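For reference, the structure discussed in these notes is given below.
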Amino acid sequence: MSNKFYLTTPIYYVNARPHIGTTYTTVVADVIAQRKRAQGVDTFFLTGTDEHGQKIQRSAEKANCSPQEFTDQVAAQFRALWDRMGLTYDDFIRTTEPRHKRGVAKLFTLLKERGYIYKGSYIGQYCVSDEAFVDVPPGAPCPDCGRITETVNEENYFFKLSAFERTLLEYYEAHPEFIRPETRRNEVISFVKAGLKDLSVSRTSVKWGIPVPGDEKHVIYVWMEALANYITAIGYGSDDPADKVKFEKYWPADLHLVGKEITRFHCVYWPAILMAAGLPLPKSVVANGWLLFEENKMSKSRGNVVRSETVHDVLGTDALRYFLLREIVFGHDGSFSFDALVQRYNSDLANGYGNLVSRTLTMIGKYFDGVVPEATGLQAASIATEAPNAIADFGRSIDALDFSRALEGAWAIVAAVDGYLTASAPWKQPDSITDEQQRAFRATVLYTAAEAIRIITALVYPVIPAAAAKVWTQLGLGDIQKADLKNLAWGGLQPGTKLGELSPVFPRAEKDAITRMQEIEQSNATTTADTKTPVSEPASTETTQTAAVPAPAETDGLAAAAGEESAPPSITTTPGAPSLAPEAGAKAGIGQAPASLAFSTDKITIDDFLKVELRVAQIKVADRVPKADKLLRLEVDLGYETRQILAGIAEAYAPESLIGRKVVIVANLAPRKLRGFESNGMIVAASLGEAGKPVLAGFLEDIENGARLK
């Protein structure tokens with residue numbers, strides 16, 4: 001096995017929020033990365049966002065902001081979601097970063113110097129949605145997405161793609177592993193055999209992009225520029241010696257993961273560009289299918305996008321990871337539904353793996369005081385003898401990206417151990433044997449089950465890392481990230497190991513889980529439509545403890561909006577005079593001056609003021625609370641921890657406008673529950689005018705997160 005592994009996801013276009021379709025490819029990459037690391041392989045996992053092009057330029061204009069502001073907002077949503085889901089990427093590349101621009105300029109210059117780029121003019125059809133030139137008549141739809149194309153007549157630079165037709169076909173023949181699965185390989189070969197035309201690689205009618213070196217009226221065509229992220233992220237174009245070492249170490253990529261709709265760009269244009277530049281080609285490009293919802297591809301235009309956060313909030317990220325990898329045969333289209341998700345969760349995770357862990361470890365606690373017993377050998381278990389084959393089969397399947405088969409095999413072990421426990425019935429006390437014999441029998445059965453759980457947990461750790469880490473701790477084995485999982489063999493669980501604290505791993509999903517997810521998505525779709533902005537609302541926040549800004553002080557509006565008890569009062573100020581809210585248990589508005597008054601006549605002592613802990617926090621994620629007009633749910637970074645904040649500012653601030661903003665929060669306010677979410681703290685805002693419009697407090701200087709205000 002190679003001592004390095006470099007894998008990438010496609011960089012996601014920032015014209016829409018992340019959803020389960022984009023999550024799917026990224027989760028697959030994370031599973032591969034975690035598997036490689038567990039095997040001791042030096043792994044580099046890259047993801048990121050594609051941020052240039054005509055579509056972004058137009059979307060920013062509609063949103064009444066600059067393209068950079070637009071991309072900053074949506075890119076932050078992607079990164080926040082990946083972080084929230086615990087994805088272990090090593091780098092997040094943005095095509096608006098200086099390192100990328102520098103590397104693209106170097107690549108373009110090199111190709112031009114080597115005679116593969118020349119200036120010409122283009123008259124033809126362009127698909128703005130796909131950012132692609134297409135060979136169709138004027139006014140005809142794009143053959144890929146079906147949207148009407150635009151006629152373009154402008155000066156361009158061209159890449160001599162036609163020069164690589166034979167070379168590409170010879171490479172495909174010599175490297176059958178380069179394009180997978182076979183259906184995509186056949187499509188690419190047919191496309192190339194039909195004849196390649198030179199590729200337009202610049203635009204003059206678009207301004208949002210990387211300028212062509214020495215000819216700045218042109219910007220580099222988004223696809224050529226975007227594909228270069230795979231090398232610019234690891235140091236291409238940099239003069240820093242460390243970057244050069246990094247590039248030499250990791251390039252060529254071992255695996256590009258892409259969606260099937262962009263196979264041509266990665267398997268025709270990208271290898272031709274690399275050949276022209278004299279750079280090695282990636283070892284393999286693997287295309288996954290589409291994730292269908294109600295038999296349609298998820299897309300913003302169809303209005304059938306499902307957010308990953310919805311599943312996370314109701315069932316947890318591991319449930320989504322497991323479903324995507326178990327339910328869908330990688331490389332093929334797959335179907336997603338809330339019904340199928342909950343059914344798979346309950347059958348495999350709650351009633352299967354979770355129940356096996358619970359019943360086994362509970363019996364060890366009951367019969368052996370929570371200490372792993374020693375097997376006496378009084379009963380031989382085929383599970384132990386078959387373990388080596390099961391471990392090898394799982395490894396072969398997952399390394400071949402056949403995740404569904406790998407998990408099917410792992411859950412066959414779960415079923416076998418569960419059946420073994422049921423058949424052995426160690427909880428029974430037959431009259432025909434002594435207490436000592438029964439204890440020895442129980443020790444063998446429960447050790448066998450516990451050791452099988454250890455094996456299963458080590459195998460599935462890349463797929464359900466949070467749950468696996470929890471089980472590993474309950475087995476008394478400590479931190480799974482520090483465990484040696486590359487030489488897995490039966491017998492690694494040492495008798496005498498003290499179990500950790502037991503708790504449910506996958507509680508059974510309640511009957512209303514499907515309804516809750518549907519309501520969240522329906523509310524999200526309504527909220528997004530109401531905002532009338534092309535920037536989608538950000539990923540929702542982690543359900544950890546956090547705080548809130550309620551409605552204006554003179555009303556109990558937050559309680560009315562939330563449909564529950566009122567929120568803790570906000571700290572509001574009218575211009576020129578600070579006014580502190582009363583204690584946390586008070587209702588919003590009680591003890592606060594009306595917004596029409598400029599100053600409060602109530603006086604407090606310095607001791608009272610010092611009780612309030614004000615700290616700087618940065619908003620990482622924001623979304624609207626379902627069925628609450630005034631509430632936003634925020635995730636804020638305090639430097640030393642992340643908190644969830646419910647804030648009554650939805651009528652004054654769009655969620656996407658808050659991403660990255662630094663605010664002041666009351667950090668020591670007692671938590672309260674609103675609309676089913678815990679609010680732990682409060683944001684400081686001014687209350688302006690008779691309507692009490694909230695205006696968030698902020699800073700002109702760059703203040704570090706967590707800094708205390710005194």
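All figures in this text were calculated on a predicted structure; none of them were measured in a lab. Sequential numbering from 1 along the given sequence is applied to the chain's residues.
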Any donor-acceptor pair under 3.5 Å linking the side-chain atoms of Arg84 with those of Ser308? no
Looking only at side chains, do Arg180 and Ser284 share a donor and an acceptor under 3.5 Å apart? yes
Under 3.5 Å, side chain of Lys283 to main-chain N/O of Leu255, donor-acceptor pair present? no
Does either side chain, that of His256 or that of Thr8, offer a donor lying less than 3.5 Å from an acceptor on the other one? yes
Any donor-acceptor pair under 3.5 Å from Tyr12 side chain to Thr22 backbone: yes
Should Arg516 and Asp313 count as an ion pair when the cut-off is N to O under 4.0 Å? no
Examine distances only and state if a side-chain atom of Glu521 and a backbone atom of Gln518 form a donor-acceptor pair shorter than 3.5 Å. no
Minimal non-hydrogen separation, Arg184 against Gly331, with atom names: NH1-O, 4.3 Å
Heavy-atom side-chain proximity of Gln68 to Thr96 below 4.5 angstrom: yes
Is there a side-chain contact between His266 and Leu227 in this structure, where contact means two heavy atoms from C-beta onward sitting under 4.5 Å apart? yes
Spell out, as yes or no, whether a donor-acceptor pair under 3.5 Å connects the side chain of Trp251 to the backbone of Pro280. yes
Checking side-chain polar atoms at under 3.5 Å, does Glu51 have a donor or acceptor matched by the opposite partner on Thr95? no
Check whether Arg321 reaches the backbone of Pro465 with its side chain - one donor and one acceptor, N or O, closer than 3.5 Å. no
Between Asp215 and Tyr157, do the side chains contain a donor N or O and an acceptor N or O under 3.5 Å apart? yes
Given 3.5 Å as the limit, does a donor-acceptor pair link the side chain of Asp333 with the main chain of Gly289, or not? no
Should Arg203 and His218 count as side-chain neighbours, where that means a heavy-atom distance under 4.5 Å? no
For Phe323 and Phe336, I'd like to know if the aromatic rings sit close, meaning centre-to-centre distance below 6.0 Å. yes
Side-chain (Thr23) to main-chain (His19) donor-acceptor, under 3.5 angstrom: yes
Report the residues that fulfil side chain to side chain contact (heavy atoms under 4.5 Å, CB included) with Val245, sequence neighbours left out, ordered by chain and then residue number. none
side-chain contact (heavy atoms from CB on, under 4.5 Å) assessment of Phe330 paired with Val286: CA-CA 10 Å; Phe330 187 71; Val286 179; 3.4 Å; yes
Is there a donor in the side chain of Asn288 and an acceptor in the side chain of Thr25, or the other way round, less than 3.5 Å apart? yes
Are any non-hydrogen side-chain atoms of Asp623 and Leu632 less than 4.5 angstrom apart? no
Can you confirm whether the side chains of Glu225 and His100 place a donor and an acceptor under 3.5 Å from each other? yes
Between OG1 of Thr26 and CG of Leu81, what distance do you get to the nearest 0.5 Å? 8.5 Å
Could you tell me if Asp42 and Tyr250 have a donor-acceptor pair between their side chains, going purely by distance under 3.5 Å? yes
Stepwise side-chain contact (heavy atoms from CB on, under 4.5 Å) check, Ile93 with Ile11: CA-CA 8 Å; Ile93 181 73; Ile11 52 172; 3.8 Å; yes
Establish, from distance only, whether the side-chain atoms of His52 and Tyr221 form a donor-acceptor pair under 3.5 Å. no
Rounding to 0.5 Å, atoms CZ (Arg102) and CD1 (Ile210) come to a distance of 11.5 Å
Look up atom CD1 in Ile234 and atom CG in Asp90, then write down how far apart they are to the nearest 0.5 Å. 12.0 Å
Okay, side chain of Gln57, backbone of Trp208: is any donor-acceptor separation there less than 3.5 Å? yes
For the residue pair Trp82 and Pro18, what are the closest heavy atoms and their distance? CH2-CB, 4.4 Å
Heavy-atom closest pair (Leu7 atom, Ala33 atom, distance to 0.1 Å) is CD2-CB, 4.1 Å
Between Arg37 and Thr88, is the side chain to side chain donor-acceptor pair (under 3.5 Å) condition met? List the steps. CA-CA 11 Å; Arg37 294 186 190 113; Thr88 60; 2.7 Å; yes
Treating Ser238 as the side-chain partner and Gly235 as the backbone partner, does any N or O pair qualify as donor plus acceptor under 3.5 Å? no
Is any side-chain heavy atom of Ser202 closer than 4.5 Å to a side-chain heavy atom of Val212? yes
Examine Lys106 relative to Tyr236 and say whether NZ or CZ is less than 6.0 Å from the centre of the six-membered ring and inside a 45° cone about the ring axis. yes
Pairing donors with acceptors under 3.5 angstrom, does anything connect the side chains of Asp83 and Tyr89? yes
Examine distances only and state if a side-chain atom of Asp30 and a backbone atom of Leu87 form a donor-acceptor pair shorter than 3.5 Å. no
Check whether any side-chain heavy atom of Asn156 lies under 4.5 Å from a side-chain heavy atom of Thr204, and answer yes or no. no
Are the side chains of Thr109 and Lys112 in touch, meaning some heavy atoms are under 4.5 Å apart? no
